[in-house]
Amino acid sequence: MKLQHIDIHNAITALTCSLDLVGVDEIRHGKRVAVMARAIAEHLNWPESECLSILYSGMLHDCGVSRIHEHRRITETLEWEGAEDHCIRGADYLSACQPLAHLSTEIRYHHTRWEKLLETPIDDRLRLRANLLFLADRVDVLQAPFLDSGLIMIQYPGIIARIKMLSGILFAPELVDAFVEIADVEAFWLAMEHEYLDEDLRRIGSHTPKTLLSIPALKELARLFSRVVDAKSPYTDEHSQRVAHIARQLAMDFGIEGYELEQVEIAGLLHDIGKLRVSEDIIDKPGSLTPEERATMHRHSYDTFRILQRVFEDSKIPVWAGFHHETLIGDGYPFKNGNKELDLECRIITVADIFQALAQERPYRRTMTLEYILNDLQSRVEDGHLDAKVVAKLAENAELYYRLAVA
């Protein structure tokens, strides 16, 4: 089985960067939670492997959130009804991803009060790890209004006092004590500023060896990303996975095989990761988009390209995924590349994306019939947008591809 070296630190950082896009107006929440949790763990003399692991849990703790309205509830109050929903989703996503499955339990309980956790039948280690995420998460909610301003220097004693009042209720006393000890200095809070936060994460990553993943494990990681994206709207449910299936089959029909074939599937899974920045109000809008909304939608493929560059440094995956809205005549987006600059794999993913989208119900229209879709694709060929050979290859076995699009 072929193995692929991947920088798991960069991969997780990339996923938290894409999750940050959900916040739109409140970004880097996951990174701040991660860095604070790691600092508390280090103060408690946890082993380095545990400190690194809690850093990754912190970055991924909100992977069950892909909707902007839900993210705002998470970052506006200490507790709220329905907080557990995204914890359950996130744990479900992670448990299905072998490289990260070991983090699922603490993600599942990262909004559970300490007094309730004491009655929950889980391992003591996981109980404490879950509560550490909860503590760091809620500290970030309290500090968020004062970030990147001098006000945090005035406000942080009040934040510490608030957390101390919740010791033994929301948070484990030993975690609160550790937090109080390390947070009573200005440096703890100033490290949360954007430039320092990213710098510290890069420094940690520079000392973390790359992980060797099998192709199936790499696809599980990609599938985790895609599930978060597709959950933004009921209208995009499993869109990325279906695009990946169609793209893989098309690539096989063109004789692409081996690792290149696997990369096509992974690019299909990840082609829309940049859409996490796009509000569900835009994605679910039943009518035409305004120029401002269309501009927001159009940037998602560029965000996809940049996010994937951090994970797949020596691969065509960022290009094949990020160029899925380019056209042969160069009037697509975001680079306006034309015929000579688009690999066959780019053209395949573009056709797979359009075919699946037309087969899937959307808020502004019903599911399209196979006959309609084939006519639509052909008209795009005649307009110079799509590759005639790719569309013709799909049309040869259209019924199979339609089943892949809607099954």
To the nearest 0.5 angstrom, please state how far the [atom1] atom of [X] sits from the [atom2] atom of [Y].
X	Y	atom1	atom2	value
R28	L201	CZ	CG	10.0 Å
L221	C97	CG	SG	5.0 Å
I54	L132	CD1	CG	5.0 Å
D198	E193	CG	CD	12.0 Å
L103	S53	CG	OG	5.0 Å
L289	M297	CG	CE	6.0 Å

query: Are side-chain heavy atoms of T13 and M59 found at a separation under 4.5 Å?
result: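 Answer yes - side chains close enough.
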- prompt: Are the side chains of L386 and T327 in touch, meaning some heavy atoms are under 4.5 Å apart?
  reply: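 No, too far: nothing below the 4.5 Å cut-off.
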Any salt bridge linking [X] with [Y]? Criterion: basic side-chain nitrogen under 4.0 Å from a carboxylate oxygen.
X	Y	answer
R125	E106	no
R108	D92	no
D303	R306	no
K275	D272	yes
K336	D331	no

task: Any ring pair (Phe, Tyr, Trp, His ring centres under 6.0 Å) involving residues 201-229? Give me the pairs, sequence neighbours left out, ordered by first then second residue.
output: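 Not a single pair qualifies under ring pair (Phe, Tyr, Trp, His ring centres under 6.0 Å).
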- request: Please list, chain by chain and in numerical order, all residues satisfying side chain to side chain contact (heavy atoms under 4.5 Å, CB included) with P47, sequence neighbours excluded.
  value: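 Here the qualifying residues are S49, E50.
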message: Among residues at least two apart in sequence or on other chains, which ones pass side chain to side chain contact (heavy atoms under 4.5 Å, CB included) with R347?
response: L328, N339, L342, D387, V390
Would you say the side-chain atoms of [X] pair up with the backbone N or O of [Y], donor to acceptor, closer than 3.5 Å?
X	Y	value
D140	R32	no
S104	S95	no
T120	K116	yes
E326	N337	yes
R127	L117	yes
T350	H324	yes
N375	E371	yes
R113	L170	no
E220	Q98	yes

query: Step by step, would you call I317 with V264 a side chain to side chain contact (heavy atoms under 4.5 Å, CB included)?
result: CA-CA 7 Å; I317 289 172; V264 170; over 6 Å; no
task: Please lay out, stage by stage, how Q356 and H239 fare under the test side chain to side chain donor-acceptor pair (under 3.5 Å).
output: CA-CA 7 Å; Q356 202 288 323; H239 168 70; 2.5 Å; yes
message: Between N131 and L175, does the side chain to side chain contact (heavy atoms under 4.5 Å, CB included) criterion hold? Intermediate values first, please.
response: CA-CA 8 Å; N131 197 241; L175 297 179; 3.6 Å; yes
For [X], enumerate each residue passing the ring pair (Phe, Tyr, Trp, His ring centres under 6.0 Å) test, keeping only those at least two apart in sequence or located in another chain.
X	value
Y56	H9
F335	Y302, F305, F323
H245	none
H102	none

- prompt: Taking only residues two or more places apart in sequence or in another chain, which ones pass side chain to side chain donor-acceptor pair (under 3.5 Å) with E265?
  reply: K219, R248
- prompt: With sequence neighbours left out, which residue pairs that include part of residues 175-187 fulfil the side chain to side chain donor-acceptor pair (under 3.5 Å) condition?
  reply: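 Checked against side chain to side chain donor-acceptor pair (under 3.5 Å) - neighbours excluded - the pairs reaching residues 175-187 are H43-E181.
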- request: Determine which pairs satisfy side chain to side chain donor-acceptor pair (under 3.5 Å) with at least one residue from residues 153-167, sequence neighbours left out, and list them in order.
  value: none
statement: Exactly one candidate in F134, F171, W189 meets side chain to side chain contact (heavy atoms under 4.5 Å, CB included) with V139; the answer is W189
query: Does H61 have its ring centroid less than 6.0 Å away from the ring centroid of H86?
result: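 Judged by ring-centre distance (under 6.0 Å), H61 and H86 do not meet the cut-off.
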field: Modelled atom types, side-chain donor and acceptor of Q263 and S315, under 3.5 Å
entry: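 Yes.
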query: In chain order, what residues pass the salt bridge (charged side-chain N to carboxylate O under 4.0 Å, His left out) check against D200, with sequence neighbours excluded?
result: R203
List, one per line, each side-chain donor-acceptor pair under 3.5 Å for residues 250-258, sequence neighbours excluded.
{"residue": "D253", "atom": "OD1", "partner": "Q249", "partner atom": "NE2", "Å": "3.2"}
{"residue": "D253", "atom": "OD2", "partner": "Y401", "partner atom": "OH", "Å": "2.5"}

H325 and its ring pair (Phe, Tyr, Trp, His ring centres under 6.0 Å) partner, picked from H300, H385, H298, H271: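 By the ring pair (Phe, Tyr, Trp, His ring centres under 6.0 Å) criterion, H325 pairs with just one of H300, H385, H298, H271: H300.
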message: Around atom CE of M153, are there more than 12 heavy atoms from other residues, nucleotides or ligands closer than 6.0 Å?
response: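 Yes, because the 6.0 Å sphere around CE of M153 holds more than 12 heavy atoms from other groups.
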